[in-house]
A.B. asks: 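Quick one: structure below, then a few questions.
So that the names make sense, note that chain A is the first sequence line, chain B the second, and so on, each numbered from 1.
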Protein chains: 2
Amino acid sequence: MDEAAPQKGTVTQRAIEEIKAMIAEGRLEPGQRLPTERDLAARLGISRSSMREAIRALTVMGVLEARHGSGIYVTALEAGDLLETFGVVADLSRGPRLVELLEVRRILESTATALAAARITEDQLAAVEKHVAAMNATDDPEEILAHDLAFHREIAAAAGNETMAAILEGLSSRTFRARVWRGYQEEGAFARTRREHAAIHRALTARDPEAARAAAAAHVGEVEEWLRTQLGP
Amino acid sequence: MDEAAPQKGTVTQRAIEEIKAMIAEGRLEPGQRLPTERDLAARLGISRSSMREAIRALTVMGVLEARHGSGIYVTALEAGDLLETFGVVADLSRGPRLVELLEVRRILESTATALAAARITEDQLAAVEKHVAAMNATDDPEEILAHDLAFHREIAAAAGNETMAAILEGLSSRTFRARVWRGYQEEGAFARTRREHAAIHRALTARDPEAARAAAAAHVGEVEEWLRTQLGP
DNA sequence: CTCCCATAGTGGTCGGACCACTCTCGTGGA
DNA sequence: TCCACGAGAGTGGTCCGACCACTATGGGAG
């Protein structure tokens, strides 16, 4: 009588569920160190290879973190850890799904910006302002892209919802945005982006949530609309 | 002169990036079959074990699918495949992050319901209606939960954005909702839920997006508010 | 022509070996 | 007494080779 669960799915799958359950039930706390791979494998009666695959799976999910020579640890289980893989969705999506992704981003980003308008601190506002200025001061696409990302990241953080910020981070992953911009920038997009960022910044400064929502929605919607036409006939 | 990339990170990590790149660049199409594990390992000059870990990682990301005895295939790369892991976030989140998660859900769900009001077909409306009726006809918590999930799933599908539907699916994962409901149901939540579902259904029938948005936001906000009080002092 | 099953090929699992890295603890010197 | 440092034990990372479980295919029996 080893276990009540004889076999369902692969042994690796079982191991994954097992560890996930340990965390969900609180038997493993965030930051805590797990037993060694060898121990865990022996404990579940599986080989170390299979256990390693399970650990790898949980690692990419952002649940575990393996430190070479030290041990395996549970991550802080914060939104950022768990939603890191979200970026691959954006990186591997194409065609109509890109538009869907932007639609989701538009919904979240506009709400986040509205929340930010109500909650943003002076320091955060200054940081936003800095990125606006930096973006206006250069013509290097690389640098513009970087400040564009930072601009939105700062606002998402000011909204006060880490989970939403992490999702938006994934939806704005570097390679994703770079891909979209490649063709978009040819139509005076830089100037337009600067104008729209300025509008968002004004709304934030005025602490006007509705204006901020509208400005952000328009900003993302602009790209979304352009992308939609690119897919048409 | 094997490769230009000598070593960065673990070999497994390299393999993951390699395969991801193959897909991103279109060298691997959705549904296509990959070379065997042994081939891939030899091709990248790594062991089969490491290659298996890489494949496992991409499998949990929803990018690859391994069929025992047959081969490894690229998934359809649809939103559902890629966002399956999203559910673990909901399952492993606790405390304040649960509220954040519900806030995100409220934002997306209300918008999805509004979109559904404008786009829903007669057949879809009938399906929604069926779940409302079924939910009113039973008092078994299990069954109620199932129809509750199906109700929202149907609406999300009617909104016409698969990506959003997949995210909402993750945010409403069974274990997640079960956990929240456990304490919530004691306060006449069933009756309230039925009332709110009825309101949403009415708005859908009337094809009234704004009413639908408000009803859905209130519905999710109700639970959100309750959860918030549970964490208070 | 159809059906079935032997078989080759695939992913899944195992055990062991060795390497690369980290951390600790005891030793030696200052 | 205290500190620096180095050897060692312990950990994850990688590799190998073998075998098992399952699938698909094609050729032979009916």
A.B. asks: Would you give me the side-chain donor-acceptor pairs under 3.5 Å for residues 79-87 of chain A, sequence neighbours excluded?
C.D. replies:
| residue | atom | partner | partner atom | Å |
| --- | --- | --- | --- | --- |
| A:Asp81 | OD2 | A:Leu77 | N | 3.4 |
| A:Asp81 | OD2 | A:Glu78 | N | 3.1 |

A.B. asks: Mind calculating the distance between CZ (B:Arg14) and C1' (D:dT14) to the nearest angstrom?
C.D. replies: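 Those two atoms, CZ and C1', are 12 Å apart.
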A.B. asks: What residues from residues 52-70 of chain A pass a heavy-atom cutoff of under 4.0 Å to DNA chain D?
C.D. replies: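 Result for residues 52-70 of chain A: A:Arg52, A:Ala66, A:Arg67, A:His68, A:Gly69, A:Ser70, sorted by number.
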A.B. asks: Please report, rounded to the nearest Å, how far the C1' atom of C:dT22 is from the CZ atom of A:Arg33.
C.D. replies: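 After rounding, the gap between these two atoms is 11 Å.
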A.B. asks: Taking CD1 from B:Ile72 and C1' from D:dC22, how many angstroms apart are they, rounded to a whole number?
C.D. replies: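 Rounded to whole Å, this separation is 15 Å.
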A.B. asks: Consider side-chain contact (heavy atoms from CB on, under 4.5 Å). Of B:His131, B:Glu143, B:His197, which one does B:Asp148 pass it with?
C.D. replies: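 Checked B:His131, B:Glu143, B:His197 against B:Asp148; only one passes side-chain contact (heavy atoms from CB on, under 4.5 Å): B:His197.
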A.B. asks: On DNA chain C, nearest-nucleotide positions of A:Tyr73 versus A:Thr12: which is more 5'?
C.D. replies: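 Checking each residue's closest nucleotide, the 5'-ward one belongs to A:Thr12.
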A.B. asks: Using whole Å, what does the distance between atom C1' of nucleotide D:dG13 and atom CG of B:Leu44 come to?
C.D. replies: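 That distance rounds to 17 Å.
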A.B. asks: State, without any angle test, whether B:Thr10 and B:Gln13 hold a side-chain donor-acceptor pair at a distance under 3.5 Å.
C.D. replies: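 Distance-only check fails for B:Thr10 and B:Gln13.
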A.B. asks: Write down the atom of A:Val11, the atom of A:Ser50, and the distance for their closest heavy-atom approach.
C.D. replies: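 Closest pair (atom of A:Val11, atom of A:Ser50, distance): CG2-OG, 3.9 Å.
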A.B. asks: Sort and list the pairs that fulfil ring-ring contact (aromatic ring centres under 6.0 Å, His included) and have at least one residue in residues 21-77 of chain A, not counting sequence neighbours.
C.D. replies: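 Listed by first then second residue: nothing to list.
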A.B. asks: Atom CD of A:Glu37 to atom C1' of D:dT14: distance rounded to whole Å?
C.D. replies: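 These atoms are roughly 11 Å apart.
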A.B. asks: Show the atom names and distances, to 0.1 Å, of all donor-acceptor pairs under 3.5 Å that link a side chain in residues 166-173 of chain B to residues at least two apart or in another chain.
C.D. replies:
| residue | atom | partner | partner atom | Å |
| --- | --- | --- | --- | --- |
| B:Glu169 | OE1 | B:Arg153 | NH1 | 3.1 |
| B:Glu169 | OE2 | B:Arg153 | NH1 | 2.5 |
| B:Ser172 | OG | B:Leu168 | O | 2.9 |
| B:Ser172 | OG | B:Arg177 | NH2 | 3.1 |
| B:Ser173 | OG | B:Asp91 | OD1 | 2.9 |
| B:Ser173 | OG | B:Phe176 | N | 3.4 |

A.B. asks: Using atom names, set out every protein N or O paired with an N or O of nucleotides 14-17 of chain C below 3.5 Å, distance rounded to 0.1 Å.
C.D. replies:
| residue | atom | partner | partner atom | Å |
| --- | --- | --- | --- | --- |
| C:dC14 | OP2 | A:Ser47 | N | 3.0 |
| C:dC14 | OP2 | A:Ser47 | OG | 3.3 |
| C:dC14 | OP2 | A:Ser50 | OG | 3.1 |
| C:dG15 | O6 | A:Ser49 | OG | 3.3 |
| C:dA17 | N6 | A:Arg48 | NH1 | 3.4 |

A.B. asks: Tell me which donor-acceptor pairs under 3.5 Å the side chains of residues 51-63 of chain B have, and how far apart each pair is, sequence neighbours excluded?
C.D. replies:
| residue | atom | partner | partner atom | Å |
| --- | --- | --- | --- | --- |
| B:Arg52 | NE | A:Glu53 | OE2 | 2.7 |
| B:Arg52 | NH1 | B:Glu37 | OE1 | 3.4 |
| B:Arg52 | NH1 | B:Glu37 | OE2 | 2.7 |
| B:Arg52 | NH2 | A:Glu53 | OE1 | 3.3 |
| B:Arg52 | NH2 | A:Glu53 | OE2 | 3.1 |
| B:Glu53 | OE1 | A:Arg52 | NH2 | 3.4 |
| B:Glu53 | OE1 | A:Arg56 | NE | 3.1 |
| B:Glu53 | OE1 | A:Arg56 | NH2 | 3.3 |
| B:Glu53 | OE2 | A:Arg52 | NE | 2.7 |
| B:Glu53 | OE2 | A:Arg52 | NH2 | 3.1 |
| B:Arg56 | NE | A:Glu53 | OE1 | 3.1 |
| B:Arg56 | NH2 | A:Glu53 | OE1 | 3.3 |
| B:Thr59 | OG1 | B:Ile55 | O | 2.7 |

A.B. asks: How many whole angstroms separate atom CG of A:Asp39 from atom C1' of D:dA9?
C.D. replies: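 Distance, rounded to whole Å: 15 Å.
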A.B. asks: When you check the gap from the basic side-chain N to the acidic O, do A:Glu100 and A:Arg97 get nearer than 4.0 Å?
C.D. replies: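 No, A:Glu100 and A:Arg97 are not salt-bridged.
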